[in-house]
Amino acid sequence: MRFVDEFRDAEKAQALAAQIAALCEPGRQYKFMEVCGGHTHTIYKHGLEDYLPESITLVHGPGCPVCVIPMGRVDDAIFIAQQPDVIMTSFGDMMRVPGSNGAFFDATARGADIRMVYSPLDSLKIAKQNPDKRVVFMAIGFETTAPSSAMTVLRAKAVGIENFSIFCNHVTIIPAIKAILDSPDLRLDGFIGPGHVSTVIGCRPYEFIARDYGKPLVCAGFEPLDLLQSIYMLMLQLQEGRSEVENQYSRVVPWDGNLKALEVINEVMELRPYFEWRGLGFISHSALRVREEYASFDAERQFLVPGVRVADPKACQCGEVLKGVLKPWECKVFGTACTPETPIGTCMVSPEGACAAYYNFGRFTRERVKEATRS
């Protein structure tokens, strides 16, 4: 396949759907978690649930990097931005993530200088253009974006830009999946593995899921046929009594990952002893911090952030959505008090958030289900 249209062929999708249905055992229910928020949006944007038998349920995992950032870390970032002579830079999807006293946009309205950038290298350029300011990049994301943050630190050191640092909030996917597997709240039959993260870490780190927990995982691409084929591969494993890690996204994902990217991350960053995740609590060795050798580029050391824990609003059930315990439409404030225009939780803010996907695409499917139930 060479063109996007080939990955969105309706006839091929229907053929895959028929093969999936043929693998379903009568009376058995199947539950798969798509770990990545990008997969959630593909599923609802293209109506993939309509292709699947009713016995297959897809639930959403913690693979949205913005969604898992707790409110306390947003407050810490705003604390840094409000210090004298500081320019805070951030990706766009962080700008509306709520902290306890508003989001970045609100802090900007109160006088903080917070700018949206498309790359950490844009932040480095701003630092070079403003030598009298301290420029801090809000570094977020899984292993997917950690290499770019690490490379920017190395670049800043190489060219001697000393007024640049990163506020490191990079998280790692494997401990989060393990926390879900160890949770008594959810029983899963398999995982649709994250595509973007896997381009960096590869498929090998997921082998413990099949070996220790007996759950199959298939690393998947982001087009409709990618996801349907991944579900077919999961169903085939279950039908044959296998539990393995397979790579549907082999055109992009190398089995052992991107070794150069992993080397760069390891050079600049190390695992934290623990880190708080929204909805999942504290998970050991689940996030990255800047190594001591690069302390001058670590905003947490430069600004002595308070690190105060902040509880989520009681009405918000993002935590349950991130763990796959609730569907977004089961949240009490979904689509009423919480919308993309007035988000209460992070899952409604991010382009990869499950609530945003349901609000923009899936809520109409839910309304059809309600109507069919009433009739």
Side-chain angles (χ1 to χ4, degrees), residues 64-120 122-124 126-127 130 132-141 145-146 149 152-153 163-171 272 275-279 281-282 287-290 295-316 318-319 322 338 340-353 356:
C64 166
V66 170
C67 302
V68 301
I69 298 296
M71 293 184 74
R73 297 295 287 185
V74 178
D75 286 1
D76 287 342
I78 291 175
F79 169 83
I80 295 171
Q82 291 174 334
Q83 301 307 300
D85 299 319
V86 166
I87 299 173
M88 173 71 75
T89 60
S90 170
F91 293 140
D93 53 0
M94 271 300 301
M95 297 298 290
R96 293 192 301 119
V97 174
S100 63
N101 191 28
F104 282 1
F105 277 135
D106 302 298
T108 301
R110 295 193 295 266
D113 190 348
I114 305 178
R115 307 181 188 182
M116 186 180 73
V117 294
Y118 294 98
S119 161
D122 293 340
S123 304
L124 200 61
I126 292 171
N130 296 270
D132 58 331
K133 302 285 187 179
R134 293 182 291 177
V135 177
V136 180
F137 174 65
M138 177 74 174
I140 66 163
T145 52
S149 296
T152 304
V153 168
N163 62 324
F164 170 81
S165 62
I166 66 172
F167 181 42
C168 190
N169 293 275
H170 287 295
V171 289
R272 296 175 184 265
F275 189 77
E276 183 184 5
W277 292 55
R278 185 182 292 253
F282 284 92
L288 300 170
R289 66 183 179 188
V290 178
S296 61
F297 300 99
D298 184 5
E300 287 184 80
R301 291 183 173 97
Q302 298 298 313
F303 294 92
L304 300 176
V305 297
V308 178
R309 289 192 66 193
V310 179
D312 290 340
K314 291 183 179 180
C316 177
C318 269
L322 288 169
C338 186
E341 290 74 30
T342 57
I344 294 176
T346 52
C347 295
M348 188 63 87
V349 176
S350 171
E352 293 189 9

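Residue I80 comes nearest to A299 through the heavy atom pair CD1-CB, 4.2 Å, listed as atom of the first residue, atom of the second, then distance. Minimum interatomic distance between V290 and C168 (heavy atoms only, all atoms of both residues): CG2-CB, 4.3 Å. A pairwise comparison of heavy atoms in I140 and D93 identifies CD1-OD1, 4.3 Å as the closest pair. Pairing each heavy atom of V117 with each of S123, the nearest pair is CG2-OG, 3.8 Å. Between V74 and G102 the shortest heavy-atom distance is CG1-O, 4.4 Å. Among all heavy-atom pairs drawn from A139 and I166, the shortest one is CB-CB, 4.3 Å.
Under the side chain to side chain donor-acceptor pair (under 3.5 Å) criterion, D298 pairs with R301, sequence neighbours left out. Here F105 pairs with nothing under the ring pair (Phe, Tyr, Trp, His ring centres under 6.0 Å) rule; sequence neighbours left out. Remark: F79 pairs with Q83, V305, P306 by the side chain to side chain contact (heavy atoms under 4.5 Å, CB included) rule, at least two apart or across chains. In terms of the side chain to side chain contact (heavy atoms under 4.5 Å, CB included) criterion, residue partners of A287 (sequence neighbours excluded) are, by chain and number, V171, R272, F275.
Between N101 and I78 the shortest side-chain heavy-atom distance does not fall below 4.5 Å. The side-chain heavy atoms of M71 and R278, taken from C-beta on, include a pair separated by under 4.5 Å. D122 has its side chain out of reach of T89: every pair of non-hydrogen atoms, C-beta onward, lies at least 4.5 Å apart.
The backbone N or O of P120 sits nowhere less than 3.5 Å from a side-chain atom of S149 that would complete a donor-acceptor pair. At distances below 3.5 Å, at least one donor-acceptor pair connects side-chain atoms of Q302 with backbone N or O atoms of A295.
A distance of 7.0 Å separates CE of M88 from CZ of F167, quoted to the nearest 0.5 Å. With rounding to the nearest 0.5 angstrom, the CG atom of N169 is 10.5 Å from the CG atom of L288.
Applying the salt bridge (Lys or Arg N to Asp or Glu O under 4.0 Å) test to every pair with at least one member in residues 73-89, sequence neighbours left out, gives these pairs: R73-E300, D85-K133. The salt bridge (Lys or Arg N to Asp or Glu O under 4.0 Å) analysis of residues 106-119, with sequence neighbours excluded, yields the pairs D113-R115.
Ring orientation note: the planes of F91 and F137 are nearly perpendicular, at an angle over 60° on the 30°/60° scale.
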